[in-house]
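First the proteins, then the strands, lettered A, B, ... as listed; each starts at 1.
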Number of protein chains: 2
Amino acid sequence: MTVSKAATDKAATDAIKPARSNGKEAVEAAAEGAALQLGELSELLGYSLKRAQLKVFEDFLRCVAPLQLTPAQFSVLLLLDKNPGRNQTEIANTLGILRPNFVAMLDGLESRDLCARMRSANDRRSHILVLTDKGRAVLARAKKLVASKHEARLIELLGPANHTALLEMLSKIAMEF
Amino acid sequence: MTVSKAATDKAATDAIKPARSNGKEAVEAAAEGAALQLGELSELLGYSLKRAQLKVFEDFLRCVAPLQLTPAQFSVLLLLDKNPGRNQTEIANTLGILRPNFVAMLDGLESRDLCARMRSANDRRSHILVLTDKGRAVLARAKKLVASKHEARLIELLGPANHTALLEMLSKIAMEF
DNA sequence: GATATTTGATATAGTGGATAACAATTATCA
DNA sequence: TGATAATTGTTATCCACTATATCAAATATC
């Protein structure tokens, strides 16, 4: 497994002559311009998982580009909206973000006036996180873009039933594996 | 979406009192120690995709730890074995690794005597990549570990039919999305 | 009231991914 | 043929993300 965004850019556009199956297949294939054999790689779940994830994130970024939101930022806004009154540690932990790394991320969102830190009255150590009006507006627009462009394209590719089944299996792996 | 390895470490171990459903539900829930609501996040394919991918890679590393191979390194060895006579550009492109980043990766594998660069006779610019005997031996052991520990655990969790269906859908996304 | 824990924050390091540029070599074609 | 373009491996460098240690302020524990 490896996988980045690059991949089959140049290599795939190479001429692909069908490899004739004589003695030294692969070596001859290399001498020609044949496509490489993935071999067991195509059976490795992790490999396809990673490549699919990159594709999906890439498409997410495209679809939500007018709002300049990354998948991570979108998830934070979603969580803040559904869970008012929570502090940084709670939000970060739920999303699997380490608290030190969450600081800069919040700085970014707060500087764009999408959310705000408010000192808690009960516990003056913690910051209660709240969506601003602008944050709610951006989130609403983002939800629409994600549903109508991003997820819609996935559902179209897989079919609704498969899409649901895929989501269930991925959740199962994420939670129980 | 966000997701790193950390996640539900501390927050999940917090006391989870069932939130009573009166007026200000979520705010009250925050006042107590209730679990956070993922909301639309659980319907976002990219979110589960990323979390599942992290879990799978994590498990891969554990299973193949005795051989000290990352998923990326394993994929390189696999590809070299199935495609002898190829150069760095071809291998890197197929795996979605950018050529500049592939150099250090190969240095690592070569310094462990798992593969070797050989100057091509036809084109003295390129390096033909070959597995060493040790590389083949390590790859063979890695394949066994991956099949018997890593993939086996995934198949056990999902069931063989679902596992296959999942692989097909992920490949479809990776290739056609 | 002394000690430990938690929270947000800073500094820092490691890793993966991306671009520009370069020398050596090979391909193109006028 | 010879000038120019393209390719290969490489280096340097930058950015984003992840991870750990540490700190001061505030709170919890006993």
Side-chain angles (χ1 to χ4, degrees), chain A residues 1-7 9-11 13-15 30 33 50-51 53-55 57-58 61 68-73 75-76 85-93 95-110 115-129, chain B residues 1-7 9-11 13-15 30 33 50-51 53-55 57-58 61 70-73 75-76 85-93 95-110 115-129:
Chain A
M1 322 180 188
T2 297
V3 176
S4 88
K5 196 168 48 180
D9 286 355
K10 168 63 180 62
T13 52
D14 283 344
K50 179 76 181 183
R51 295 201 89 119
Q53 184 261 309
L54 288 173
K55 279 281 190 82
F57 269 45
E58 211 177 316
L61 285 173
Q68 284 288 91
L69 281 184
T70 66
Q73 292 171 326
S75 70
V76 170
R86 298 296 189 162
N87 64 25
Q88 298 186 197
T89 297
E90 292 173 310
I91 299 293
N93 278 339
L95 291 176
I97 305 174
L98 293 173
R99 291 181 303 284
N101 300 330
F102 193 47
V103 174
M105 189 173 173
L106 265 188
D107 289 347
L109 292 174
E110 202 172 13
C115 71
R117 296 179 235 226
M118 299 176 43
R119 292 229 91 99
S120 165
N122 311 331
D123 186 341
R124 282 161 41 201
R125 290 171 297 184
S126 60
H127 291 164
I128 300 305
L129 299 180
Chain B
M1 321 178 190
T2 296
V3 175
S4 86
K5 197 167 47 177
D9 287 355
K10 168 62 179 61
T13 52
D14 282 345
K50 178 76 182 182
R51 294 201 89 118
Q53 184 260 310
L54 288 173
K55 279 281 190 83
F57 269 45
E58 209 178 318
L61 285 174
T70 66
Q73 291 171 325
S75 70
V76 170
R86 298 296 190 161
N87 64 26
Q88 296 185 198
T89 297
E90 293 172 309
I91 298 295
N93 278 340
L95 291 176
I97 305 174
L98 293 173
R99 290 181 304 287
N101 300 330
F102 194 46
V103 173
M105 190 173 173
L106 265 188
D107 289 348
L109 292 175
E110 203 172 10
C115 70
R117 295 181 238 227
M118 299 177 43
R119 291 230 92 97
S120 165
N122 311 330
D123 187 341
R124 281 161 40 199
R125 289 171 298 184
S126 60
H127 291 163
I128 300 304
L129 298 180

Taking side-chain contact (heavy atoms from CB on, under 4.5 Å) as the test, write out the residues that go with B:Glu110, two or more places apart.
B:Ala116, B:Arg117
Rounded to the nearest 0.5 Å, the CD atom of B:Gln88 sits from the CD1 atom of B:Ile128 at a distance of 9.5 Å
Between C:dT6 atom C1' and A:Asn93 atom CG, what is the distance in whole Å?
12 Å
For A:Arg125, the side-chain hydrogen bond (donor to acceptor under 3.5 Å, both in side chains) test, sequence neighbours excluded, returns A:Asp123
If you round to the nearest 0.5 Å, how far is CG of A:Asn87 from CG of A:Asn93?
9.0 Å
Starting at CD1 of A:Ile97 and ending at C1' of D:dT20, how long is that distance when rounded to a whole Å?
17 Å
So which nucleotide from D:dA19, C:dT7, D:dT8 ends up closest to the side chain of A:Leu98?
D:dA19
Between A:Ser75 and the options A:Thr70, A:Ile97, A:Leu95, A:Leu69, the side-chain contact (heavy atoms from CB on, under 4.5 Å) test singles out A:Leu95
Just verifying a value: how many Å separate A:Arg119 CZ and A:Arg124 CZ, rounded to the nearest 0.5 Å?
8.5 Å
Whole-Å distance separating the NZ atom of B:Lys50 from the P atom of C:dG16
13 Å
Without decimals, in angstroms, what is the distance between B:Phe57 CZ and C:dG16 P?
11 Å
Rounded to whole Å, please give me the gap between CD in B:Gln53 and C1' in D:dT18.
13 Å
Take atom CZ of B:Phe102 and atom P of C:dT15, then tell me their distance rounded to the nearest Å.
18 Å
Straight-line distance of B:Phe102 CZ to B:Leu109 CG, nearest 0.5 Å
7.5 Å
For the CE atom of B:Met105 and the SG atom of B:Cys115, what is their distance to the nearest 0.5 Å?
9.0 Å
Roughly how far, to the nearest 0.5 Å, is the CD atom of B:Glu90 from the CZ atom of B:Arg99?
11.0 Å
Would you list the protein and nucleotides 23-28 of chain D atom pairs, both N or O, that sit under 3.5 Å from each other?
| residue | atom | partner | partner atom | Å |
| --- | --- | --- | --- | --- |
| D:dT27 | OP1 | A:Arg124 | N | 2.8 |

Contacts under 3.5 Å, N or O only, protein and nucleotides 9-12 of chain C:
| residue | atom | partner | partner atom | Å |
| --- | --- | --- | --- | --- |
| C:dA9 | OP1 | A:Arg117 | NH1 | 3.3 |
| C:dA9 | OP2 | A:Gln88 | OE1 | 2.9 |
| C:dA9 | OP2 | A:Gln88 | NE2 | 2.9 |
| C:dA9 | OP2 | A:Arg117 | NH1 | 2.5 |

Could you check how far CG of A:Leu129 sits from C1' of C:dG8, rounded to whole Å?
11 Å
Separation of C:dT25 C1' from B:Arg119 CZ (nearest whole Å)
9 Å
Do the side-chain N or O atoms of B:Ser126 get closer than 4.0 angstrom to the phosphate oxygens (OP1, OP2) of C:dT25?
no
